[in-house]
Amino acid sequence: MVARPTHNSALRSGRPPRAWRLCACALATLAFVATGCGSDDAVNVTGGTLRLDVDEYRILPAKVTVPAGRMRILIHNVGKLTHNVHVEDPSRLDDQGNPFDLGGTPTAHPGTGPMTREAAILTLAPGTYRLVCTIANHEVLGQYATLEVK
Ligand SMILES: [Cu+2]
């Protein structure tokens, strides 16, 4: 009788089955990719347009560096709810003690078509700003990003 390698014989040999090893390798690759993409490295944007994707509940990229001056902020809603992006200056407060809102895009709607993309034009001095979605409690749910102007 010829002994055929089986799932059980692989376990008895002390080596994990091939499928498990492949799975572990895939997980390690995924972990590497996830940490690579989620790092704190800011995305540098040159030129006059900052393009952002919005969904539930994120503004991506989450950290962006742009040159000072006139900037067009263009958002694309790739989510399922409505979103916008406003620029807040945390170093200044409004009448109610909230970070000063410098303005932002109109509401971008979900789905397909031009209503999923909205733009705002702002002139920004060097500093650190916060990008937020001002709809409902989206900011509290994590829909914010950091904008570094240099
Ligand atoms: Cu939102």
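Each ligand, and each atom within it, is numbered from 1 in the order the structure gives.
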Fill in: Shortest-distance N, O or S atom of His138 relative to the Cu ion (ligand 1)
ND1
Worksheet item: Strictly by modelled atom types, are Glu118 and His109 linked by a side-chain donor-acceptor pair under 3.5 Å?
Response: no
Item to complete: Classify the side-chain pair Thr134/Asp101 by whether it contains a donor and acceptor separated by less than 3.5 Å.
Response: no
Worksheet item: Can you give me the OE1-the Cu ion (ligand 1)-SG angle for Gln143 and Cys133, to 10°?
Response: 100°
Discussion item. Measuring from atom CG of Asn84 to atom CD1 of Ile135, what distance do you get when rounded to the nearest 0.5 angstrom?
Written reply: 4.5 Å
Fill in: Distance, nearest 0.5 Å, that separates OG1 of Thr107 from CG of Leu81
12.0 Å
Worksheet item: So, Thr82 and the Cu ion (ligand 1): N/O/S under 2.8 Å, yes or no?
Response: no
Item to complete: Provide the atom name of the closest N, O or S atom of His83 relative to the Cu ion (ligand 1).
Response: ND1
